Undergrad: 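Below is the structure I would like to discuss, written out as structure tokens.
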There are 2 protein chains.
Amino acid sequence: MNIGEVAAETGVTAKSIRYYESINLIPAPERTDAGYRQYSDRDVQILHFIKRARGLGFSVAEVAELLSLYQDRDRASAEVKGIVEARLNEIDQKITELESIRATLRTLADRCHGDDRPDCPILDDFAGLSN
Amino acid sequence: MNIGEVAAETGVTAKSIRYYESINLIPAPERTDAGYRQYSDRDVQILHFIKRARGLGFSVAEVAELLSLYQDRDRASAEVKGIVEARLNEIDQKITELESIRATLRTLADRCHGDDRPDCPILDDFAGLSN
DNA sequence: ATAAGGGTTCTAGTTACCGGAAGGTCAAGG
DNA sequence: CCTTGACCTTCCGGTAACTAGAACCCTTAT
């Protein structure tokens, strides 16, 4: 398969596939005489794996780790679970942070009448003029 | 005030202050004969503003917009509120996305026994071998 | 033979800075 | 007077994960 077909099938752009190759996340595939990359079904499967993991918010470095565990028949599932639990903690933290910001902004926005008059509690708060 | 004092007082690093100047988020301050930047109380206040807005997740571009509204005595509060509401929508979206990811990962992690055995529903899912 | 639609490599840009190097300046102390 | 240490200056390179675009080659169909 050419890179374009693989891109269409996996939803990973050709640009990204080449990028993943350049950083050694995926191995360099065979080439045709003209220099076109040729991908196997196995390569496609790995790109599906990457797409799924990236979609769940894992960094490329984490995906590399997960991939190497995936390719190691003898890995301990505890290692995989550890990575996922770490990610879950990050997510919880991020959600908490965003909720706090949301509450603040919600309060400020609700107190701003939002018409054509200039006075604005939001800017007052940012400027340290609150209360 | 020297840049270091300003940094200490505002919590914005000297590096960041110079960076903000380089992208014209803040004006270039006076210099001493030796070339040291000298900041006024007004400059400090603006950096506080920036710090607060950045802390609430606004991009530097958004902060620039907010700052210019702040400095415009005749702005309509609706404009400020619009920016904040847009940010609130982004936050809501992001939270929703993170919660969805969290649910997925939680389920997968719970189904993985996480011991020294190799079989792992998490990797199976990533590889498209689910069910 | 040519045109459309692949593919190739390379460079540069994105965001919001941080780290570090090389060197000038300032205030205090011996 | 000189040194020491803590400042300050500019500039270069790096970060994450790509994307955009240029310049060029290959394949396939008409």
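By convention in this document, chain letters (A, B, ...) are assigned in the order of the sequence lines, proteins followed by strands, and residues within each chain are numbered from 1. What you see is a predicted model, and the numbers here were worked out from it, not measured in a lab. Values below: every heavy atom of this structure, side chains too, minus hydrogens, waters and symmetry copies.
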Undergrad: How far apart are the closest heavy atoms of Ala28(B) and Glu21(B), and which atoms are they?
TA: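 That would be CB-OE2, 3.6 Å.
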Undergrad: Between N or O atoms, less than 3.5 Å apart, protein on one side and nucleotides 11-14 of chain D on the other: list the pairs.
TA:
none

Undergrad: Check the pair Tyr39(A) / Asn2(A) against side-chain contact (heavy atoms from CB on, under 4.5 Å), numbers first and verdict last.
TA: CA-CA 6 Å; Tyr39(A) 293 95; Asn2(A) 280 352; over 6 Å; no
Undergrad: To the nearest Å, give me how far apart CD (Gln38(B)) and P (dC8(D)) are.
TA: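 After rounding, the gap between these two atoms is 10 Å.
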Undergrad: Would a 4.5 Å heavy-atom cut-off, applied to side chains only, mark Val6(B) and Met1(B) as touching?
TA: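 The answer is yes; the side chains approach within 4.5 Å.
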Undergrad: Report the residue (Val60(B) or Asp33(B)) whose heavy-atom-nearest nucleotide on DNA chain C is the more 5′ of the two.
TA: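 Residue closer to the 5' terminus by nearest nucleotide: Val60(B).
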Undergrad: Rounding to a whole Å, what distance do you find between Ile17(A):CD1 and dT19(D):P?
TA: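 My rounded result for the distance is 11 Å.
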Undergrad: Which residues within residues 1-11 of chain A lie with some heavy atom under 4.0 Å of an atom in DNA chain C?
TA: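 Nucleic-acid contacts, sorted: Asn2(A), Ile3(A), Gly4(A).
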Undergrad: Do His113(A) and Asp119(A) come within less than 4.5 Å of each other through their side chains, counting heavy atoms only?
TA: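 Side chain of His113(A) against side chain of Asp119(A), heavy atoms only: contact under 4.5 Å found.
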Undergrad: Distance-only, no hydrogens or angles: does the Arg31(B) side chain make a donor-acceptor pair with backbone N or O of Gln38(B) under 3.5 Å?
TA: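 No, because the side chain of Arg31(B) does not come within donor-acceptor range (under 3.5 Å) of the backbone of Gln38(B).
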Undergrad: In this structure, are over 12 heavy atoms from other groups packed under 6.0 Å from Glu79(A) atom CD?
TA: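 For Glu79(A), atom CD is not crowded (no more than 12 foreign heavy atoms under 6.0 Å).
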Undergrad: Scan Arg18(B) against the nucleic acid and name what it touches under 4.0 Å (heavy atoms): base, sugar-phosphate only, or nothing.
TA: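 Here Arg18(B) touches the bases of the nucleic acid.
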Undergrad: So, is Arg31(A) near the phosphate of dC26(D), with a side-chain N or O under 4.0 Å from OP1 or OP2?
TA: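 Checking Arg31(A) against dC26(D): no side-chain N or O falls below 4.0 Å of OP1 or OP2.
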Undergrad: Find the distance Phe58(B):CZ to dT15(C):P and express it as a whole number of Å.
TA: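 For the pair Phe58(B) CZ and dT15(C) P, the rounded distance is 17 Å.
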Undergrad: So, are Arg117(B) and Asp115(B) salt-bridged, with charged N and O less than 4.0 Å apart?
TA: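 Asp115(B) and Arg117(B): salt-bridged.
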Undergrad: Can you find a side chain N or O atom of Ser16(B) that sits less than 4.0 Å from OP1 or OP2 on dA16(C)?
TA: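 Negative; the distance criterion is not met.
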Undergrad: Round to a whole Å and report the spacing from CG of Asn24(B) to P of dT15(C).
TA: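 Taking CG of Asn24(B) and P of dT15(C), I get 15 Å after rounding.
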Undergrad: Rounded to whole Å, how long is the line connecting atom OH of Tyr36(B) with atom C1' of dG23(C)?
TA: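 After rounding, the gap between these two atoms is 11 Å.
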Undergrad: Ile23(B) has an atom CD1; how far is it from atom C1' of dC18(C), in whole Å?
TA: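 For the pair Ile23(B) CD1 and dC18(C) C1', the rounded distance is 15 Å.
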Undergrad: Kindly indicate whether the side chain of Cys120(B), heavy atoms from C-beta on, has any atom under 4.5 Å from the side chain of Arg75(A).
TA: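 They are in contact (side-chain heavy atoms under 4.5 Å apart), so the answer is yes.
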Undergrad: Going by atom types alone, do Asp43(B) and Ser40(B) pair a side-chain donor with an acceptor below 3.5 Å?
TA: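 Note: Asp43(B) and Ser40(B) side chains meet the donor-acceptor criterion.
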Undergrad: Categorize Thr32(A) for me: base, sugar-phosphate, or nothing, with a 4.0 angstrom heavy-atom threshold over every strand shown.
TA: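 Nothing, no nucleic acid heavy atom in range.
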Undergrad: Once you round it to whole Å, what is the distance between P of dT9(D) and CD of Glu30(B)?
TA: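 Glu30(B) atom CD is separated from dT9(D) atom P by 14 Å.
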Undergrad: Send over the distance from Tyr19(A) OH to dA12(C) C1', rounded to a whole Å.
TA: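 These atoms are roughly 15 Å apart.
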Undergrad: Where the side chain of Arg54(B) meets the backbone of Phe58(B), is there a donor-acceptor pair that is under 3.5 Å apart?
TA: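 Yes; at least one donor-acceptor contact below 3.5 Å.
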Undergrad: Counting only side-chain nitrogens and oxygens, does Arg37(A) get under 4.0 Å of the OP1 or OP2 atom of dG7(C)?
TA: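 No, no such contact exists.
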Undergrad: Within the structure, does a side-chain N or O atom of Tyr20(A) lie under 4.0 Å from either OP1 or OP2 of dC18(D)?
TA: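 Tyr20(A) to dC18(D) OP1/OP2: side-chain N or O found under 4.0 Å.
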